[in-house]
2 protein chains.
Amino acid sequence: MNIGQAANASGVSAKMIRYYESIGLIPKIVRTESGYRVYGDHDVHTLRFIRRARDLGFSVEQIADLVSLWQDRERASKDVKAIALEHVGVLERKIKELQEMSSTLKHLARTCHGDGRPQCPIIEELANDDAVLASAKPDAKFGALGKP
Amino acid sequence: MNIGQAANASGVSAKMIRYYESIGLIPKIVRTESGYRVYGDHDVHTLRFIRRARDLGFSVEQIADLVSLWQDRERASKDVKAIALEHVGVLERKIKELQEMSSTLKHLARTCHGDGRPQCPIIEELANDDAVLASAKPDAKFGALGKP
DNA sequence: CTTGACCTTCCCATCATTGGAAGGATTACA
DNA sequence: TGTAATCCTTCCAATGATGGGAAGGTCAAG
């Protein structure tokens with residue numbers, strides 16, 4: 001199986017498969033004489049595992065831990081559970097932070113006429129030096145919500 | 001006022017003030033003979049506005065729009081409201097996505113013994129080729145939740 | 001006049017991912 | 001068999017917002 005077929009079968013792009021190999025998340029793969037990577041069902045299975053972990057928002061670092069636990073038949077389920085629960089904690093803090101932003105903004109928007117007049121509580125609040133808006137300050141990684 | 005004092009007064013780091021200037025979010029500022037940037041109260045006020053918008057999760061691009069609306073006395077409140085509500089939509093979609101991840105993981109963790117035994121439903125689910133875990137796939141920007 | 005605290009610009013790193021260029025390999029079809 | 005299309009390879013760059021740090025200039029207090 002070439003990388004393109006493995007990408008199709010696993011749902012991980014060819015670009016990312018090469019990247020995962022380069023950072024050591026997956027081992028270096030067998031090549032043909034001409035340098036093409038060759039994948040088997042086992043590799044695709046691993047890639048699917050990785051994709052599902054990504055879909056659950058695990059970082060590559062966490063995924064590396066999960067993969068090695070997956071491949072360790074002697075692993076203790078508490079190690080896996082600890083990673084999962086730590087991630088749940090991160091997710092829930094982030095959810096709370098976004099909810100605070102959202103409710104503040106909804107409140108401001110509710111009090112804004114939204115017509116042609118220049119009076120706008122949203123702007124006024126942003127410009128108000130005494131305002132304490134969202135207590136949760138987003139970190140860099142989550143500040144920008146726009147899609148590329 | 002030097003950049004360090006402006007940073008203290010506004011809550012925006014000196015690094016970021018220079019960055020905002022470099023991308024045109026704030027205009028080029030007056031310099032002393034020796035090249036030091038000089039800020040006045042008005043500039044600090046603008047920086048506070050920007051910081052509050054950042055704290056609400058607006059992207060720099062959105063902030064640029066908000067700043068120009070703020071400084072436009074003829075602006076229509078509907079323009080501001082539209083930006084705010086669009087942002088609320090983004091926030092809520094992201095919240096929903098994170099909630100789905102979180103509840104899936106909590107469910108899996110609940111069914112995991114978390115002891116020394118190797119049986120672990122979390123790993124088994126990740127490895128299950130038929131599994132449909134989180135329907136919401138995080139985009140690149142939000143996939144990794146780990147802090148740097 | 002020295003010391004320390006500030007400022008300047010410039011480059012690099014983050015994190016996961018995408019895009020593209022340049023060039024070689026393989027496949028499909030006439 | 002020739003050739004065109006489609007793959008593959010590596011390498012480099014960009015994303016967004018921010019922090020870190022180096023090398024060197026400036027200023028204020030002692």
Side-chain angles (χ1 to χ4, degrees), chain A residues 1-26 28-39 47 50-64 87 90 94 97 137-148, chain B residues 1-26 28-39 47 50-64 87 90 94 97 137-148:
Chain A
M1 215 186 315
N2 281 338
I3 199 170
Q5 298 166 292
N8 270 340
S10 66
V12 179
S13 72
K15 282 269 188 192
M16 289 312 295
I17 295 176
R18 292 193 199 100
Y19 171 70
Y20 289 153
E21 184 184 321
S22 80
I23 62 172
L25 178 56
I26 53 181
K28 295 203 172 166
I29 211 91
V30 182
R31 308 278 191 123
T32 65
E33 276 183 15
S34 52
Y36 282 25
R37 290 169 178 85
V38 179
Y39 297 86
L47 287 169
I50 291 170
R51 184 181 54 77
R52 286 199 198 89
R54 287 283 318 127
D55 289 351
L56 286 173
F58 285 100
S59 68
V60 166
E61 193 181 3
Q62 288 174 313
I63 294 173
H87 185 45
V90 173
K94 184 50 57 183
E97 189 177 300
K137 296 190 188 180
D139 52 33
K141 192 140 292 163
F142 279 91
L145 295 176
K147 311 247 175 182
Chain B
M1 216 185 318
N2 281 340
I3 198 171
Q5 298 167 291
N8 269 340
S10 66
V12 180
S13 72
K15 281 269 189 192
M16 288 313 296
I17 296 176
R18 291 193 199 98
Y19 171 70
Y20 290 153
E21 184 183 322
S22 81
I23 62 171
L25 177 56
I26 53 181
K28 295 204 173 165
I29 211 92
V30 181
R31 308 280 190 121
T32 65
E33 278 184 13
S34 54
Y36 282 25
R37 289 169 178 84
V38 179
Y39 297 86
L47 287 169
I50 290 170
R51 185 182 53 77
R52 287 200 198 88
R54 287 281 319 126
D55 288 351
L56 287 172
F58 285 100
S59 69
V60 166
E61 192 181 5
Q62 288 174 313
I63 294 174
H87 185 45
V90 173
K94 184 50 57 184
E97 190 176 300
K137 297 190 188 179
D139 52 30
K141 192 140 293 168
F142 280 92
L145 294 176
K147 311 245 173 181

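Within every chain, numbering begins at 1; the chains are lettered A, B, ... in the order of the sequence lines, protein sequences first and strands thereafter. Keep in mind the model is a prediction, meaning the values are calculated, not measured.
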| note | Judged by nearest nucleotide, the residue sitting upstream toward the 5' end of DNA chain D, B/E61 or B/E33, is B/E61
| field | Under-4.0 Å salt bridge between B/E97 and B/K94 | value | yes
| request: Using atom CD1 of B/I17 as one end and atom P of C/dT9 as the other, report the distance to the nearest whole Å. | output: 13 Å
| For the pair made of CD1 in A/I3 and C1' in D/dC8, what is the distance, rounded to whole Å? | 9 Å
| message | I want to check something: taking the side chain as every heavy atom from C-beta on, are B/L47 and B/I17 in contact at a cut-off of under 4.5 Å? | response | yes
| Spacing between A/Y39 atom OH and D/dT9 atom P, to the nearest angstrom | 7 Å
| Would you say A/S13 reaches C/dT17's phosphate, i.e. side-chain N/O to OP1/OP2 under 4.0 Å? | no
| message | Output the rounded distance in Å from CG (A/N2) to P (C/dT27). | response | 8 Å
| Starting at NZ of B/K15 and ending at C1' of C/dT8, how long is that distance when rounded to a whole Å? | 11 Å
| query | What is the nucleic acid contact for B/T32, judged by heavy atoms within less than 4.0 Å: base, sugar-phosphate only, or nothing? | reply | nothing
| said: From CZ of A/R31 over to C1' of D/dT10, roughly how many Å is that when rounded to an integer? | reply: 9 Å
| query | Which part of the nucleic acid, if any, lies within reach of B/R37 when heavy atoms closer than 4.0 Å are counted: base, sugar-phosphate only, or nothing? | reply | sugar-phosphate
| request: Indicate, yes or no, whether a donor-acceptor pair under 3.5 Å links the base of D/dG25 to the side chain of B/Y36. | output: yes
| request: Figure out the OH/P separation between B/Y19 and C/dC10, and round it to whole Å. | output: 16 Å
| Under-4.0 Å side-chain N/O to phosphate OP1/OP2 contact, B/S34 with D/dC27 | yes
| query | Taking atom P of D/dT18 as reference, at what distance in whole Å does atom CZ of B/R54 sit? | reply | 4 Å
| field | Side-chain heavy atoms of B/Y19 within contact of B/L25, under 4.5 Å | value | no
| message | Need to verify one output field. Residue with the more 5' nearest nucleotide on DNA chain C, A/I23 or B/G4? | response | B/G4
| task | Side-chain contact test, heavy atoms from C-beta onward, threshold under 4.5 Å: evaluate it for B/E21 versus B/R37 and give yes or no. | result | yes
| said: When you compare the side chain of B/M1 with that of B/V38, does any pair of heavy atoms fall below 4.5 Å? | reply: no
